[in-house]
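Report on the structure given below.
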Amino acid sequence: MPKFEYAPAPESRAVVDLQPSYGLFIDGEFADPASGQSFKTVSPSTEEVLAEVAEGDAADVDRAVRAARRAYERVWSQMSGAERGKYLFRIARIMQERSRELAVLETLDNGKPIKESRDVDIPQAAAWFFYYAGWADKLDHAGLGPNPRALGVAGQVIPWNFPLLMLAWKIAPALACGNTVVLKPAETTPLTALLFAEICQQADLPPGVVNIVTGAGATGQAVVEHPDVNKVAFTGSTEVGKRIARAVAGSRKKVTLELGGKGANIVYDDAPIDQAVEGIVTGIFFNQGHVCCAGSRLLVQESIADDVVDRLKRRLATLRVGDPLDKNTDVGAINSAEQLARITALAQVGEDEGAERWSPACDLPGTGFWFAPTVFTGVSNTHRIAQEEVFGPVLSVLTFRTPDEAVAKANNTPYGLSAGIWSDKGSRILWTADRLRAGVVWANTFNKFDPSSPFGGYKESGYGREGGRHGLEAYLAH
Ligand code: TAP
């Protein structure tokens, strides 16, 4: 009888050809860092070392910026938009072809459930390249002035929560507009950016158009402060964003900052409650709550609050927390020991301030970084867990009586990135959305993304928009 051979499942790590060490990607080639230093990237679900990754310093950043400048002047800015678009389409297609590999690598390095990297991160990242590929030859018709032109070299620094997707948000519009790029991925999640570098080679992207310099915060600082960088694009914490704004003040660099958030998810008494409960779960437990636009504050109308919280708890008891490579897993690992410590400390503050803490019964694995889905009830607006970004699977529940009170509470944080509204009445949704100081407002849904839709914040959530036609503006002079 012929032997039956199992094909590797999509979630199997066998689809990834993990190298023991990775260099920097500069001028189309992988290169050793000037210092010879490297750092380890670990799997947050097992604490296993996945690879050694080059630690780029200011000399490497300088090398990368020079390569980007050369490529900008000699090749990329000379090329027609239609030609640039072809490269972006090619990259998008290769990302689709290699999507299993990208999804498994993302899950290994980040800890997020494979069903999220497979169904959200990777398809969305490819979609961003497809979308901006389509803009490359239409910039003159984008309504962005008579003669829109590229800025030059873009320095881009991204966080660890959506490593490949944040890369796509940054690189796709930059290249479509004719800029070249030096990008620094987050220290804890460099691997999909390095696989993306391989994809650039595979797509025959001219050397120097995309450069990836791995390293820690100091490497990011060198990218941002390099005098020959024309544009800085940053996604990360408000604290580092403020530091970057100060560092580039007066330099004539164009800057966009996508920073933290403390999104309100407002549930009115006429909302479809089961649907709202699903939206609350997606809003805060998707990607372990490592989401800048997470619905981390539930604002529920007082008359239905007990019912909503009861149904929410019953739903949370069904979530599977554990091995991110298991396709049945709903909540994966926390990205790093540092992030776990931050979440643990802030949750303790919630308890100390008198809010009531609840988690479903779940067995957390013995190794790796884990935090059970957590709900705080009895939270008031002055509590730190109602004001500060936890960036983890922790929901604060507040109540309100009137729509005016809902809006006042929703707007009462330093942030202004996202919000959700659940109601059966269109007029109530529009009334509320009009009054919320949030860059993105979802109605009867949450955490929905599309490349054609602009994304960005008010107040301490930053400035500038990524996505859609608005996202082109950040990469063009006009
Ligand atoms: P950060 O600590 O701010 O790190 C973001 C990136 O900046 C990382 O690559 C980091 O390097 C680098 N960096 C650190 N110090 C720097 C400096 N002085 N100059 C230049 N770069 C520096 O944030 P995080 O912990 O990675 O991400 C979580 C935060 O990002 C949350 O607050 C979240 O809300 C926010 N976020 C916002 C959005 C949007 S769209 N608004 C999206 C995702 C995340 P290391 O990796 O070595 O630290």
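Order of listing sets the numbers, starting from 1, for every ligand and every atom in it. As the structure is a computational prediction, the values presented were derived from the model and not from experiment.
The six-membered or imidazole ring of W442 lies near that of F446, with a centre-to-centre distance under 6.0 Å. Separation of the F196 and F129 ring centroids falls under the 6.0 Å cut-off. For F455 and W169, the ring centers are positioned less than 6.0 Å apart.
Ring geometry, W160 versus F391: the interplanar angle exceeds 60°, so the pair is classed perpendicular (tilted spans 30 to 60°).
Each of R315, K115, R320 was scored for a salt bridge (Lys or Arg N to Asp or Glu O under 4.0 Å) with D330, with one residue passing: K115.
Residues satisfying the side-chain hydrogen bond (donor to acceptor under 3.5 Å, both in side chains) test with E55, not counting sequence neighbours, are none.
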Contact table ligand 1 N or O to protein N or O, d under 3.5 Å:
unit_1   : atom_1 : unit_2 : atom_2 : d
ligand 1 : 3 (O)  : S237   : N      : 2.8
ligand 1 : 3 (O)  : S237   : OG     : 2.6
ligand 1 : 9 (O)  : I158   : O      : 2.8
ligand 1 : 9 (O)  : K184   : NZ     : 3.2
ligand 1 : 11 (O) : K184   : NZ     : 3.1
ligand 1 : 19 (N) : Q221   : N      : 3.4
ligand 1 : 23 (O) : S237   : N      : 3.3
ligand 1 : 25 (O) : W160   : NE1    : 3.1
ligand 1 : 26 (O) : W160   : NE1    : 3.1
ligand 1 : 30 (O) : G236   : O      : 3.2
ligand 1 : 30 (O) : S237   : N      : 3.4
ligand 1 : 32 (O) : E389   : OE1    : 2.6
ligand 1 : 34 (O) : E389   : OE1    : 3.1
ligand 1 : 34 (O) : E389   : OE2    : 2.6
ligand 1 : 41 (N) : E258   : O      : 3.4
ligand 1 : 41 (N) : L259   : N      : 3.1
ligand 1 : 41 (N) : L259   : O      : 2.6
ligand 1 : 46 (O) : E187   : N      : 2.7
ligand 1 : 47 (O) : E187   : OE1    : 3.4
ligand 1 : 47 (O) : G217   : N      : 3.1

